[in-house]
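Scroll down for the structure; my scribbles are underneath it.
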Amino acid sequence: MVLGFGLLSALLAWTPVRVSEPVARVGFLAGYYLWPAKRNIIKANAARVLGLPIGHPDVAGLARAIYGTYARFTIELMRLPNLPADEPVRMLRLEGPQHERFMALWRACEAEGRGIIAVSGHIGSIEVFAGAYAQKGIPTYGLADDSAFPELFDLLNASRARWGVTIIPWRKLREIFRVMRSPAILGMVVDWGYRSDDLPVRLFGEWTTLPAGPATLAARSGAVIVPVVARRRADGRYDPVMHEPIEVVDSSPAEISRATQAIAEALEAMIAEAPEQWYTFKPMWPATAAEADEVARRAAGFGPADA
């Protein structure tokens, strides 16, 4: 797998995107029709975002658009290891009020000796966001799962290291806390799908769950949570977007729940602005009414989100 990835990556780096992207789109759309299990996951998520029945034509249209976005993202990801190390800087528009706002927050956190937990979803390109700000000289880390394909994990991390991004396996808790007790950015993606043991939140008006990790880490380390996204523009470049920072004042269950709901609201805003750019392939809501009722029952013990 690693050898094949490396060879294809090198080939794509020399192939114009105007050639490789249409081919990738055809291939991914073929997967949309030939892999019904994944297609149904994307359609179920799209239906929740649009507030429509899963069989509505607009849901299928959005699902196909998401596959097209994912084709472009995959081409970019595979090209990056063979492009110059400063490629993320060229791809992200490091100017304008959103960029200045993020840099002002970073300077304030740096002066206070605290970290930033940058939470996002599978939207646009978090790779480009992390790589561009790392190249600005900001200590930048990412949290990732290294257990599924360790050889491929190492290959992709070598590319990220060229940009100045260090990836920490999610099981290395001591290292994670060490990083967050100093001025640094730690990127965390939160839309890994519904899990019954995560925290109840409202997302697009319905109960689901998100991980408590970002809020718990912020409470214990003093870091601030900042929802961010790199939004794709029509010209193929990206705009950095920063949502309102989330402070976590203590590690009480109610405070962790409140902060996690705030993350959910930021994630919803990120998705709603351009739902075709959201490409998670995990079910984001409970599959049955009974599961959803159980999440709502659990949420009643926390308070605010079930209002």
Requested in this report: Please determine if E294 and R298 form a salt bridge, counting it only when a charged side-chain N lies under 4.0 Å from a carboxylate O.
Outcome: no
Query - Test item: M270 and P227 side chains (from C-beta on) under 4.5 Å apart, heavy atoms - result: yes
Report summary line: Across all chains, not counting sequence neighbours, the side-chain contact (heavy atoms from CB on, under 4.5 Å) partners of P16 are R18, V19
Query raised in the report: Using 4.0 Å as the upper bound for N to carboxylate O, is an ion pair formed by R90 and E87?
Result: yes
Requested in this report: With sequence neighbours left out, write down each residue that passes ring pair (Phe, Tyr, Trp, His ring centres under 6.0 Å) with Y279, or none if nothing qualifies.
Outcome: Y70, F73
Requested in this report: Kindly indicate whether the side chain of L217, heavy atoms from C-beta on, has any atom under 4.5 Å from the side chain of L186.
Outcome: yes
Query raised in the report: Is W35 reachable from I54 through a run of I, L, V, M, F, W or Y residues, each pair having side-chain heavy atoms under 4.5 Å apart?
Result: no
**Report entry** Distance, nearest 0.5 Å, that separates CG of L210 from CG of L203
**Finding:** 6.5 Å
Report task. Say whether, by atom type as modelled, one donor and one acceptor occur between the side chain of R114 and the main chain of S221 under 3.5 angstrom. Result -> no
Query raised in the report: Is R195 paired with D197 through a side-chain N to carboxylate O contact shorter than 4.0 Å?
Result: no
Query raised in the report: Would you say W278 and D191 make side-chain contact, with heavy atoms under 4.5 Å?
Result: yes
Query raised in the report: So which heavy atom on R25 is nearest to which on G68, and how close?
Result: NH1-CA, 3.3 Å
Query raised in the report: Hey, does the Lys NZ or Arg CZ of R39 hover above the aromatic six-ring of Y32, less than 6.0 Å from the centre and inside 45° of the axis?
Result: yes
**Report entry** Transitive ILVMFWY side-chain link Y33 to I41, under 4.5 Å
**Finding:** no
Report task. Determine, using the 4.5 Å side-chain heavy-atom cutoff (strictly less than), whether I42 and L29 are members of one ILVMFWY cluster. Result -> yes
**Report entry** Reported CD1-to-CE distance for the pair I263 and M188, which is rounded to 0.5 angstrom
**Finding:** 8.0 Å
Report task. State the CE-CZ distance between M91 and R237, to the nearest 0.5 angstrom. Result -> 9.5 Å
Report task. Not counting sequence neighbours, which residues clear side-chain hydrogen bond (donor to acceptor under 3.5 Å, both in side chains) with Q98? List them please. Result -> none
Query raised in the report: Which residue pairs pass the ring pair (Phe, Tyr, Trp, His ring centres under 6.0 Å) test with at least one member in residues 107-135, sequence neighbours excluded?
Result: H99-Y133, F102-F129, F102-Y133, H122-W192, F129-Y133
Query raised in the report: Do T208 and V295 come within less than 4.5 Å of each other through their side chains, counting heavy atoms only?
Result: no
Report task. Evaluate side-chain contact (heavy atoms from CB on, under 4.5 Å) for R48 paired with M284, printing each intermediate quantity in order. Result -> CA-CA 9 Å; R48 305 275 187 160; M284 282 298 296; over 6 Å; no
Query raised in the report: Judged by modelled atom types alone, do E255 and S252 share a side-chain donor-acceptor pair under 3.5 Å?
Result: no
Query raised in the report: Which heavy atom of C109 sits nearest a heavy atom of V224, and at what distance?
Result: SG-CG1, 3.7 Å
Query - CD1-OG1 distance between I168 and T166, expressed to the nearest 0.5 angstrom - result: 7.5 Å
Query - Minimum-distance pair of heavy atoms, taken over all atoms of A223 and M180 - result: CB-SD, 3.8 Å
Report task. Mind jotting down which residue pairs meet the side chain to side chain donor-acceptor pair (under 3.5 Å) criterion with at least one end in residues 57-67? Sequence neighbours excluded, please. Result -> none
**Report entry** Distance in Å, L77 CG paired with R72 CZ, rounded so as to fall on 0.5 Å steps
**Finding:** 13.0 Å
Query raised in the report: Given side chains that start at C-beta, do those of N45 and W285 come closer than 4.5 Å, heavy atoms only?
Result: yes
Query raised in the report: Taking side chain as C-beta onward, heavy atoms only, is K282 less than 4.5 Å from Y194?
Result: no
Query - Salt bridge present between E276 and R232 (N-O < 4.0 angstrom) - result: no
Report task. Compare every heavy atom of V119 with every heavy atom of P214, then report the nearest pair and how far apart it is. Result -> CB-CG1, 3.9 Å
Query raised in the report: Do you know which of K172, R178, R171 makes side chain to side chain donor-acceptor pair (under 3.5 Å) with E175?
Result: R178
Query - Residues E268, V49; criterion side-chain contact (heavy atoms from CB on, under 4.5 Å); working and verdict - result: CA-CA 9 Å; E268 180 176 320; V49 171; over 6 Å; no
Query raised in the report: Step by step, would you call R101 with E244 a salt bridge (charged side-chain N to carboxylate O under 4.0 Å, His left out)?
Result: CA-CA 10 Å; R101 185 173 171 228; E244 195 64 29; 3.1 Å; yes
Report task. Indicate the atoms forming the closest heavy-atom contact of A264 with R202, along with that distance. Result -> CB-O, 3.8 Å
Query raised in the report: Which value, rounded to the nearest 0.5 Å, describes the distance between E110 atom CD and I116 atom CD1?
Result: 9.5 Å
Requested in this report: Determine, using the 4.5 Å side-chain heavy-atom cutoff (strictly less than), whether F177 and Y141 are members of one ILVMFWY cluster.
Outcome: yes
**Report entry** Partner residues of E265 under the side-chain hydrogen bond (donor to acceptor under 3.5 Å, both in side chains) criterion, sequence neighbours left out
**Finding:** Q261
**Report entry** Any side-chain heavy-atom pair of H56 and L50 under 4.5 Å
**Finding:** no
Report task. Give the intermediate values and the outcome of side-chain contact (heavy atoms from CB on, under 4.5 Å) for residues D293 and T288. Result -> CA-CA 9 Å; D293 289 345; T288 66; over 6 Å; no
Query raised in the report: Are F28 and V23 connected in the hydrophobic side-chain network, where two residues link if heavy atoms are under 4.5 Å apart?
Result: no
Query raised in the report: Is the shortest distance from a Lys or Arg side-chain nitrogen in D239 or R231 to a carboxylate oxygen in the other one below 4.0 Å?
Result: no
Query raised in the report: Is there side-chain contact between T209 and L199, with heavy atoms separated by less than 4.5 Å?
Result: no
Query raised in the report: Of all heavy-atom pairs between A215 and V248, which one has the smallest distance, and what is that distance?
Result: O-CG1, 3.8 Å
